Amino acid sequence: MVQSAILGFPRMGANRDLKKATENYWGGKITQDELLAEAKRLRLAHWKIQKDAGVDIIPSNDFALYDQVLTHIQDFNAVPERYTKYKLNAVDEYFAMGRGLQKEGVDVPSLEMVKWFDSNYHYVKPTLQDNQEFKLVESPKAVNEFVEAKEAGITTRPVLVGPVSFLALGKPDRNQTVDPISLIDKLVPVYIELLKKLKAAGAETVQIDEPTLVFDLAPKVKAAFKPTYEKLAALGDAIPKIVLATYFGDIVHNVDALPQDIYGLHIDLVRNPEQLDEVVKALGPKTILSAGVVDGRNIWKTNLKRAIEVVESAIQKVGKERVIVATSSSLLHTPHTLASEKKLDAEIADWFSFAVEKAAEVAIIAKAVTEGPDSVREALEANAKSVQARATSKRTNDPAVKDRQSKVTPAMYNRKSEFPVRISQQQEKLGLPMFPTTTIGSFPQTKEIRIYRNKFTKGEITAAEYEKFIEKEIEEVVKIQEELDLDVYVHGEPERNDMVQYFGERLDGYAFTTNGWVQSYGSRCVRPPIVVGDISRPAPMTVKESKYAVSISKKPMKGMLTGPITCLRWSFPRDDVHQSVQAEQLALALRDEVVDLQNAGVFVIQVDEPALREGLPLRAGKERVAYLDWAVKSFRLSVAGVEDSTQIHSHFCYSEFQDFFHAIAALDADVLSIENSKSDAKLLKVFVDEAYPRHIGPGVYDIHSPRIPSEQEIKDRIEEMLQYLKPDQLWIDPDCGLKTRQWAETKAALVNMVNAAKFFREKY
Ligand code: GLN
Ligand code: ZN
């Protein structure tokens with residue numbers, strides 16, 4: 001019998017229940033016991049969903065209150081001393097690492113959080129010491145949750161982040177020099193202990209995620225796989241059987257790193273179906289192949305016929321008894337259930353499948369290959385119909401958009417003049433001081449804002465009332481920025497639910513869910529819009545608010561747009577046309593918006609591209625070169641329609657530009673703001689080495705945490721930056737937008753930031 005498996009299930013619950021519970025806990029509205037009870041309720045509900053769908057192999061320990069890597073950091077006692085010294089209880093220590101803590105004598109920033117591979121999920125980076133030791137906690141979460149499921153009558157397959165990936169995804173702590181992978185011999189015993197405990201608890205198999213196998217690995221990392229897994233294999237029945245899971249790419253270039261006698265190997269056959277042959281050749285004679293054929297990263301209904309063909313071809317190669325049908329990756333990246341979507345147009349809804357529906361899909365595919373297609377005839381016929389309907393729908397195809405794309409010329413990618421000419425015109429127009437201060441766009445999205453937006457969405461207030469409310473919000477943030485004495489204002493984005501969804505709602509070719517939330521980090525969820533067809537802009541999207549903001553501001557007001565790549569990456573893209581085509585359509589729509597903003601008197605325009613880097617194909621080579629070409633072109637196409645005197649900003653939520661620098665430079669943005677507060681200022685060295693001529697605002701404080709940075713801390717940060725950047729090149733700004741923050745901490749932090757900037761203005 002061919003079994004079906006799920007690699008991980010979304011944690012939030014049908015109504016973002018986990019988000020609500022954690023935020024209530026942080027806000028002191030519920031107790032820790034209440035939080036943990038809610039988490040337990042969700043785990044049980046999710047196991048039951050998978051069981052009821054007929055899934056054979058159900059994951060546990062895929063759950064996390066904040067992040068699954070953070071769970072490992074804590075369970076292995078890889079917690080830096082700056083947290084342990086407070087002797088917090090485990091849950092509070094965990095959250096302190098995730099989001100920082102500043103309360104009752106505790107003052108500690110969060111650990112660094114970065115993108116999980118090329119997804120929009122963020123994990124907490126293991127932060128390691130030169131003298132790092134690991135020790136398994138007494139009551140490891142993986143064991144607890146396995147037991148919890150077992151007690152509920154469900155035998156699960158626990159999920160662990162593998163030891164090699166855990167280290168390879170980590171970094172040395174500030175001022176430490178340890179190469180994380182050199183700690184492997186210290187870490188493996190902890191896994192052994194954990195695996196033995198899981199076995200003792202009754203776990204027959206475990207899923208060990210080693211997704212770093214899809215990367216181009218450093219030789220030391222690559223060399224760590226074999227000895228590590230051979231050590232585990234040598235333990236035989238003392239530990240559960242290991243299914244090594246990879247996803248988000250192919251592992252053909254690393255098959256030589258795979259241990260021979262591994263029990264099972266999972267590969268992503270949605271992203272890279274062509275890897276099947278090569279991987280199978282490298283498998284040991286008994287190794288089980290877990291075939292990831294149901295997309296864990298997108299929301300399209302699986303083409304069951306095609307998926308069955310892929311599984312059948314795997315069966316032909318290794319035999320039925322050695323194949324598992326699985327999701328390509330964890331379903332963490334998909335919304336909970338399509339059943340919550342009451343407003344979705346029926347034609348479109350029929351094209352989608354969320355986590356709950358995907359659970360049914362893996363079960364159907366497994367049944368089809370086990371018992372033959374007749375056993376699931378009805379399901380296959382219905383599926384074929386939906387697939388066909390989508391392929392032929394008029395909603396996917398707009399000839400006017402295609403026509404405009406065919407008329408894009410090379411000149412449309414270039415500004416009128418080079419940067420030196422532009423910047424002097426901009427200085428004249430804007431008259432900014434040295435070390436100009438600004439923010440990244442959003443100000444706190446208060447409860448009041450959300451209430452009004454909800455009322456408006458539900459039709460309880462009129463468009464005019466809502467607009468008035470938004471204007472009042474803009475007035476307030478303008479006043480606050482005046483008081484703070486910032487130099488370039490923003491309108492605060494009160495009208496925006498989300499930086500991508502907002503634009504999607506104003507573009508043709510997009511569809512929206514009401515409840516399709518996906519975890520982005522911690523309790524933060526996003527509701528990605530879905531690109532269903534050719535994209536165009538029926539009317540201006542942001543001009544009204546920006547124009548109003550300009551009209552009441554004494555200083556330059558920055559218009560705020562989301563760039564084409566970010567719009568695409570943070571949406572669920574089409575899987576029927578290449579992403580470069582979708583990006584160009586978005587760029588053309590944004591180009592019109594940028595020009596409209598300028599014509600409305602907005603002379604500083606920021607086009608955010610925080611997703612540019614995560615879109616980078618995970619491996620060097622042809623695909624990456626091609627991506628960079630079309631991604632950079634689409635950014636340039638979106639902004640290059642303006643006059644030289646209009647200043648184009650762009651923003652990125654990361655600071656690692658080493659392997660990516662030329663793309664950033666090629667964007668030709670007049671000002672870049674980047675995240676930097678939690679990384680070493682050394683990372684800015686690349687801008688010096690490459691003689692980057694334009695302006696840069698590396699974030700001077702972390703906005704993911706409510707913690708207020710002191711003025712001195714910010715000054716120190718700026719001082720460090722000045723070791724690398726020229727004073728007349730440097731802007732002073734926070735790491736990112738402030739929408740997730742409260743007003744009190746926002747104002748306090750910005751007062752300190754502006755004072756720090758003024759200090760340097762005096763000095764130079
Ligand atoms: N302008 C956006 C904001 O401030 C940028 C957010 C982001 O980069 N993620 O919210
Ligand atoms: Zn950002």
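Keep in mind that the numbers below use all heavy atoms, side chains included, and drop hydrogens, waters and symmetry copies. Counting starts at 1 for both ligands and their atoms, in listed order. Everything quoted here is computed from the prediction, not taken from an experiment.
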Within less than 2.8 Å of the Zn ion (ligand 2), how many protein N/O/S atoms are there?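 Count of protein N, O, S atoms less than 2.8 Å from the Zn ion (ligand 2): 3.
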Any non-hydrogen side-chain atom of E719 less than 4.5 Å from a side-chain atom of K715?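 When only atoms from C-beta onward are counted, K715 and E719 do not touch, as no gap falls below 4.5 Å.
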With respect to E448, which candidate in K472, K455, R453 satisfies the salt bridge (Lys or Arg N to Asp or Glu O under 4.0 Å) definition?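 Output: one option passes, namely K472.
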Look at the side chain of D508 and the backbone N and O of R537, then say whether any donor-acceptor pair between them is shorter than 3.5 Å.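 Not at all, since once roles are kept as given, no pair shorter than 3.5 Å links the two residues.
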Under the 3.5 angstrom rule, does the side chain of R415 hit a backbone N or O of E643 as a donor-acceptor pair?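 Present.
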For the residue pair D487 / T437, report whether a side-chain donor-acceptor contact shorter than 3.5 Å exists.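 The criterion, which ignores hydrogens and geometry beyond distance, is satisfied for D487 and T437.
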Any donor-acceptor N or O pair under 3.5 Å, side chains Q579, Y627: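 Note: Q579 and Y627 side chains miss the donor-acceptor criterion.
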ring-ring contact (aromatic ring centres under 6.0 Å, His included) pairs, two or more places apart, involving residues 466-497: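 Residue pairs passing ring-ring contact (aromatic ring centres under 6.0 Å, His included), neighbours aside: Y452-F469, F456-Y466.
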Pairs where residues 653-682 contributes a residue and the test ring-ring contact (aromatic ring centres under 6.0 Å, His included) is met, not counting sequence neighbours: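 The answer is F652-Y654, Y654-F657, F657-F687, F661-F687, F661-Y692.
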Who are the residue neighbours of ligand 1 when the rule is a heavy atom under 4.0 Å from any of its atoms?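 Answer by chain and number: I440, G441, S442, E493, M499, M560, D608, P610, H651, C653, C736, G737, K739.
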In Å, rounded to the nearest 0.5 Å, how long is the span from CD of E495 to CE of M541?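 Rounded to the nearest 0.5 Å, the CD-CE separation comes out at 12.0 Å.
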